[in-house]
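What follows is a single structure, written as structure tokens, with notes after it.
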Amino acid sequence: MPVNLSAYLSLKKELHHRSATLVAVSKTKPIEDILELYHAGQRDFGENYVQELCEKQPQLPTDIRWHFIGHLQRNKVKYIAPFVHLIHGVDSLALLKEIDKQAKKNDRVIDCLLQVHIAKEETKFGFDATELSDMLPQLPNYPNARVTGLMGMASFTTNENLIRSEFHSLSQALQTAQTSQTFQTLSMGMSNDFRIALEEGSNLVRIGSLLFGARG
Ligand SMILES: *Cc1c(COP(=O)(O)O)cnc(C)c1O
């Protein structure tokens with residue numbers, strides 16, 4: 001399936017109006033597809049699997065900003081720490097500690113988002129409201145893992161009211177948690193629900209299938 005450049009261009013326009021950033025989710029997609037979008041101007045790409053990301057990264061231009069959007073295991077942080085731009089799915093203090101440690105080793109600061117559990121589904125990773133408020137006072141202890149906001153995924157459903165209320169709760173959580181000017185990224189919205197996410201205050205959407213076609 002070819003890259004949908006016309007969808008890309010209209011999406012860019014729509015996001016520009018709302019000052020939102022597009023992360024093009026390229027998991028399972030080949031290097032050629034990523035390059036096609038790169039040549040159209042895209043620089044932020046998202047991947048879910050450490051091994052896949054580490055295979056692709058050296059084959060692609062160095063000015064790509066790589067977002068890790070999947071569930072990250074602590075023992076794999078070291079592989080992406082030298083180059084990753086933003087880690088979206090930080091869901092435990094232990095993971096944040098490890099990111100801080102590996103960032104120090106690489107003499108850099110790695111930006112991170114705390115993943116918040118907003119969906120009804122049991123299987124989704126992330127902090128609940130209480131865990132989030134327990135986490136916040138500890139963040140200054142890990143200066144090389146700089147938390148710049150929150151990330152969440154809505155329920156996989158056609159019930160738009162449910163999706164909207166879940167995104168709304170994440171937006172509220174950001175307002176409540178906002179500790180500094182650097183804590184303002186709200187990563188929410190995918191191909192099927194990004195418009196609702198934008199209406200609820202998202203400033204970073206993670207979009208795959210709309211741009212690259214369905215994954216096999
Ligand atoms: C795969 C994935 C996306 C992109 O999903 P699409 O429906 O293809 O847009 C966004 N966020 C996360 C966390 C993902 O795993």
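Order of listing sets the numbers, starting from 1, for every ligand and every atom in it.
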*What's the shortest heavy-atom distance between Phe83 and Trp66, and which atoms?*
CD1-CD1, 4.0 Å
*Taking all atoms of both residues into account, what is the closest heavy-atom pair of Arg215 and Ser209, and its distance?*
NH1-N, 4.0 Å
*Hey, is Lys56 close enough to Glu47 for a salt bridge, meaning N to O under 4.0 Å?*
yes
*Nearest neighbour in protein (non-hydrogen) for atom 5 (O) of ligand 1*: Met190 CE, 3.5 Å
*So which heavy atom in the protein is nearest atom 7 (O) of ligand 1, and how far is it from that ligand atom?*
Ser209 OG, 3.6 Å
*Looking only at protein heavy atoms, identify the closest one to atom 9 (O) of ligand 1 and say how far it is in Å.*
Ser191 OG, 2.5 Å
*Please identify which atoms of ligand 1 are closer than 4.0 Å to at least one heavy atom of Ile207.*
9 (O)
*Which protein non-hydrogen atom lies closest to atom 12 (C) of ligand 1, naming both residue and atom, and how far is it?*
Ile69 CD1, 3.5 Å
*Lys/Arg N to Asp/Glu carboxylate O, Arg195 vs Glu199, below 4.0 Å*: no
*Name the closest protein heavy atom to atom 11 (N) of ligand 1, giving the residue it belongs to and the distance to 0.1 Å.*
Arg206 NE, 2.9 Å
_Options His88, Lys27, Met153, ranked by nearest heavy atom to atom 2 (C) of ligand 1, top entry_ = Lys27
*Give a yes/no verdict on whether any heavy atom in Asn192 is under 4.0 Å from an atom of ligand 1.*
no
_Which of the ligand 1 atoms, numbered from 1, are nearer than 4.0 Å to a heavy atom of Gly208_ = 4 (C), 6 (P), 8 (O), 9 (O)
_Regarding ligand 1, does Asn48 bring an N or O atom to under 3.5 Å of one of the ligand's N or O atoms?_
yes
*For Asp111 and His85, test the side chains for any donor-to-acceptor distance below 3.5 angstrom and give the result as yes or no.*
no
*Phe127 and Asp91: which non-hydrogen atoms are nearest, and at how many Å?*
CZ-C, 3.3 Å
_Side chains of Glu166 and Ser155: any donor to acceptor distance under 3.5 Å?_
yes
